[in-house]
Every structure is written in C-alpha cells, then in structure tokens.
Colleague: 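Starting off with a structure, shown below.
Each residue takes its place number in the sequence, starting with 1.
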Amino acid sequence: MLSSNVQASDLQQRQSDLKSLQSQISKQQSALKDTNKQREKLISLLKQDEKAIASAAKKVNQTKLALAKTDKKLTELKQRQDELNTLKQTQQETLSNQLASAYLAGNHDYSKMLLNQQSPATIERLLAYYQYLNNARMESINELQQTMSELDEIQEKQVIERSELNKLILTQQQHSKRLNLEQAQRQKTLTQLQRTVNSRGAKLEQLQIEEASLKRIVEQAILANNSSPSMEGLKSRNKLKWPTKGRIRFGFGSRRSGQVKWKGVTLAAPEGQQVSAIAPGKVIYADWLRGFGMVLVVDHGKGYMSLYGHAQTLLKNAGDTVNKGETIALVGRSGGQTEAGLYFEVRHKGQAVDPARYCKR
C-alpha cells in the first residue's frame, strides 16, 4: 500500500514538473516570438534611418559638387581678371606713347610746310603718317574700352558667384547637420537591434535570411532585365580597377558564421569615399536591402553583374546607364554595419565569383 502511494506521489510530481517545463517552454516561445517581432520592427526602423541618411548624404554630396563648381568659376574669373589687368596696363602704356607721339607731331605747322614750298609728295606722306597715328590711337582707345568693359562684367559675375557660394555653404551646413542627426538616430536603432541578435543561433539565422534576400533580389533582377547586345560583360582578367580604394577586410569564400561564407569581398574604406563602376553597364537595382543596406547592382551584359553594398548613399537609379569609372555611390555603414566599408560582389549567371579574378591584385 505504501509503495502504491509513493508511485502515485512520484507520478504527480513528474506531472507537475512536466507542466512547469511546458509553461517555461511556452513562455520562452512567447518571448522568442516577441523578440522576433521586436527585431523585425527594429530592422524596419533601421531601413528608415539608413534611407534618411542616404537622402541627406546625397544632398551633402550634391552641394559639395556645386561648391567645387562655383569655386572653379571664381578661380577662372580671377585668372581672367588678372589677364585683363595686365592687358589693360599694356594698352594704357601703348596709348600713352601714341598720345606723346601725337603731341610731338602736333608741333608741325602745316602752313609753314606749304610756305616753305615742301614738295606735295612730302606733305602727302606726312598727312598719311598723321592719319595712321590717329587711327592707331582710336583703335587703342577702343581696345582699352573693351578691356575695361569686360573687367566690369567679371566683377559683377564675381559678386554673383560669391553670393551663390555663401548660399551653398549655408545649405551644406544644414544638410550636414541633418545627416549627423540621422546618423545619431540610426545608432540608437542599431544598438537596440544588436541586443535582439546576441546569440550565435540568432546571428546565423539573420545571416541566412540576409543571404536569401540577396539571392532573391539578384534572381528577380536577372529575370526582369534584358541585357543589351552592345554590353560586353567582364572580359578583362585582373585588369579592372577596384570600385574604391581600401584594404580587404573580408575575402571571398571566407567564413562568416557556421556554413555561411562570404560571396564577395568587404573593402575597408572611409565613409563618404567615392565608389566607381568597374565596367560599363546598366543599373538594374538601387535600393535598401536587409543586411546589405543601400545596394546598387549593375548589369554588364553576357550574364555578368557587379554588386555594391553598405553604401552611405546611391548616386544612380535603376535604369541608368553608367560608364567605366563613373561614380555611382559613396562608401558607408548601411545594413547595420558598425564600421565603414564597401561590400562588393561579381556574379556570372547568378553565381558569385571571386572579384579578384577581374580586379587588379
């Protein structure tokens, strides 16, 4: 009887333990579900933050280019002004000498020349000479007036360009301030996001989702795009320039986490540094992509494409044609990166290949 009571008590205890364990599992599943929801929400916020940064950075870059253009104009105007001032001085000296010659020539009395019975040929030569001096003097006066007029125009243009330069400087400061605010907001979101991906399993899952997203985008781009017959692909082996200057932080084929490997290379480079197209082509994707941030994909024809990720901003849109070496983006940290750099892939018929096969070692 006692043994039967012990067995019943043991069974009740096990059932109680099972219920407790099931309750814990349920709580863990609920917490995990909440964490996943929070993570997705934060990824959505990160996307908004990084797209806002891209917009602000693009405006900063545009005003930077406009500033350089205006500054160049002012330099050219200053050079022309210096040239004209030198020309003006020469013209004034020439006119001064002509006036002195005219004054000396004016001491001749034509009536005396006639009374002295100088030959008509001599008088004709003298009159022709005086007429020549007069014409030369008038020409010099006209040239000097033109020089003075151009100098006045240049001074007016300088005033306009300096005013434009001051406006651009103020605009640049506003855009830079906006960019700093967006970057600060992005850092807050990123810090919260990193707390939700603190286990190895969560990180691996995140990488797998990111890799699948990239694969899907590439496949969709291939299906949607009709390559132009004029595009020749990537024929040059080990001769193309890398899209930006920097050391290779992660090499092609190196391990990321678990069985996930790098399908491209990550080049460590300063934020805001220019990114160039490695070959002529057509932009077939330009948008934010989970895990890779601001991404731009260029189709080079013959099944070849190049991909540029983690950009701060994209300077080209889908459908744009780009030339070899043309600036298409700026280096950044988008996609949740903590360090600035460029993620760069080369693909042939959808399969990732080592970029070092085509870019200079």
Side-chain angles (χ1 to χ4, degrees), residues 54 210-211 213-254 256 261-269 273-332 334-335 337 340-361:
E210 291 168 4
E211 189 176 63
S213 298
L214 180 59
K215 185 180 179 182
R216 185 176 67 256
I217 288 297
V218 169
E219 287 173 350
Q220 288 174 351
I222 292 171
L223 289 172
N225 182 61
N226 293 317
S227 297
S228 170
S230 61
M231 294 196 293
E232 299 181 353
L234 301 177
K235 292 184 176 179
S236 304
R237 290 289 183 110
N238 303 124
K239 291 183 179 179
L240 300 174
K241 287 186 177 180
W242 289 90
T244 197
K245 291 181 179 179
R247 63 177 178 81
I248 294 178
R249 185 185 294 152
F250 301 114
F252 177 82
S254 59
R256 292 185 71 182
K261 296 183 178 181
W262 288 101
K263 298 293 178 66
V265 299
T266 299
L267 297 167
Q273 184 169 285
Q274 292 183 342
V275 177
S276 305
I278 59 168
K282 179 182 176 183
V283 179
I284 57 175
Y285 183 85
D287 206 343
W288 190 91
L289 183 63
R290 181 170 178 161
F292 297 91
M294 300 304 295
V295 172
L296 189 140
V297 181
V298 179
D299 174 37
H300 302 289
K302 310 294 185 186
Y304 287 96
M305 61 176 62
S306 56
L307 181 147
Y308 313 80
H310 300 327
Q312 183 186 55
T313 189
L314 306 176
L315 304 179
K316 297 294 178 180
N317 300 311
D320 289 348
T321 299
V322 296
N323 298 316
K324 181 180 179 180
E326 186 175 356
T327 302
I328 55 175
L330 301 179
V331 172
S334 62
Q337 298 302 299
L342 174 72
Y343 180 67
F344 173 55
E345 277 190 16
V346 171
R347 290 189 177 236
H348 184 231
K349 296 181 179 178
Q351 297 300 312
V353 294
D354 189 354
R357 289 187 192 177
Y358 300 94
C359 299
K360 294 177 182 177
R361 294 188 182 276

Colleague: For V322 versus A277, what's the shortest heavy-atom pair and its separation?
Modeller: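 Smallest heavy-atom distance, with atoms named: CG2-CB, 4.0 Å.
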Colleague: To the nearest 0.5 Å, how far apart are CD in Q274 and CG in L330?
Modeller: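 That separation rounds to 7.0 Å.
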Colleague: Between atom NZ of K241 and atom SG of C359, what is the distance when rounded to the nearest 0.5 Å?
Modeller: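 Atom-to-atom, K241:NZ and C359:SG are 11.5 Å apart.
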Colleague: Say you draw a straight line from NZ of K245 to CG of L342; how long is it, rounded to the nearest 0.5 Å?
Modeller: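 So the NZ of K245 and the CG of L342 are separated by 15.0 Å.
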Colleague: Please find the pair of heavy atoms, one from D354 and one from Y358, that lie closest to each other, and give the distance.
Modeller: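 Between these two residues, the closest heavy atoms are O-CD1, 4.1 Å.
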Colleague: Enter the distance from I278:CD1 to K360:NZ here, rounded to the nearest 0.5 Å.
Modeller: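 It is 13.0 Å, given to the nearest 0.5 Å.
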Colleague: I need the minimum non-hydrogen distance between Q312 and M294, along with the two atoms involved.
Modeller: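 The answer is O-CG, 4.3 Å.
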Colleague: Given side-chain contact (heavy atoms from CB on, under 4.5 Å), test L314 with V283 step by step and report yes or no.
Modeller: CA-CA 11 Å; L314 306 176; V283 179; over 6 Å; no
Colleague: Check step by step if side-chain contact (heavy atoms from CB on, under 4.5 Å) holds for L267 and W242.
Modeller: CA-CA 9 Å; L267 297 167; W242 289 90; 4.1 Å; yes
Colleague: Heavy atoms only: give me the nearest K316-A286 pair and the separation to one decimal.
Modeller: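 Scanning both residues completely, I find the closest heavy atoms to be O-CB, 3.7 Å.
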Colleague: Anything under 30° is parallel, anything over 60° is perpendicular, the rest tilted; go ahead and classify Y343 against F292.
Modeller: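 Plane angle between 30° and 60°, so tilted.
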Colleague: Compare every heavy atom of L234 with every heavy atom of A279, then report the nearest pair and how far apart it is.
Modeller: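 Shortest heavy-atom separation between A279 and L234 comes out as CB-CD2, 3.6 Å.
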Colleague: Decide side-chain contact (heavy atoms from CB on, under 4.5 Å) for Y285 and D299; before the verdict, give the C-alpha distance in whole Å, the side-chain angles of both, and the deciding distance to 0.1 Å.
Modeller: CA-CA 9 Å; Y285 183 85; D299 174 37; over 6 Å; no
Colleague: Do S306 side-chain atoms and V346 backbone N/O form a donor-acceptor pair below 3.5 Å?
Modeller: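 Not at all, since once roles are kept as given, no pair shorter than 3.5 Å links the two residues.
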Colleague: Which atom pair, heavy atoms only, marks the closest approach of T313 to A54?
Modeller: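 What the structure gives for the nearest pair is OG1-O, 2.7 Å.
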Colleague: Kindly say whether P280 contributes a backbone atom to a donor-acceptor pair with the side chain of H300 at under 3.5 angstrom?
Modeller: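 Yes, the answer is positive, given that a donor and an acceptor are paired below the 3.5 Å cut-off.
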Colleague: Would you say the ring centers of W262 and F252 fall short of 6.0 Å from each other?
Modeller: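 Ring centroids of W262 and F252 are no less than 6.0 Å from each other.
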Colleague: So which of V295, V298, V297 actually passes side chain to side chain contact (heavy atoms under 4.5 Å, CB included) with Y308?
Modeller: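 Running side chain to side chain contact (heavy atoms under 4.5 Å, CB included) over V295, V298, V297 with Y308 returns exactly one hit, V298.
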Colleague: Just to verify, what does W288 make a side-chain hydrogen bond (donor to acceptor under 3.5 Å, both in side chains) with, not counting sequence neighbours?
Modeller: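 By the side-chain hydrogen bond (donor to acceptor under 3.5 Å, both in side chains) rule, W288 matches E50.
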Colleague: Which value, rounded to the nearest 0.5 Å, describes the distance between M305 atom CE and R347 atom CZ?
Modeller: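 Taking CE in M305 and CZ in R347, the distance rounds to 8.5 Å.
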Colleague: Between CG of N323 and CD1 of I328, what distance do you get to the nearest 0.5 Å?
Modeller: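 So the CG of N323 and the CD1 of I328 are separated by 11.5 Å.
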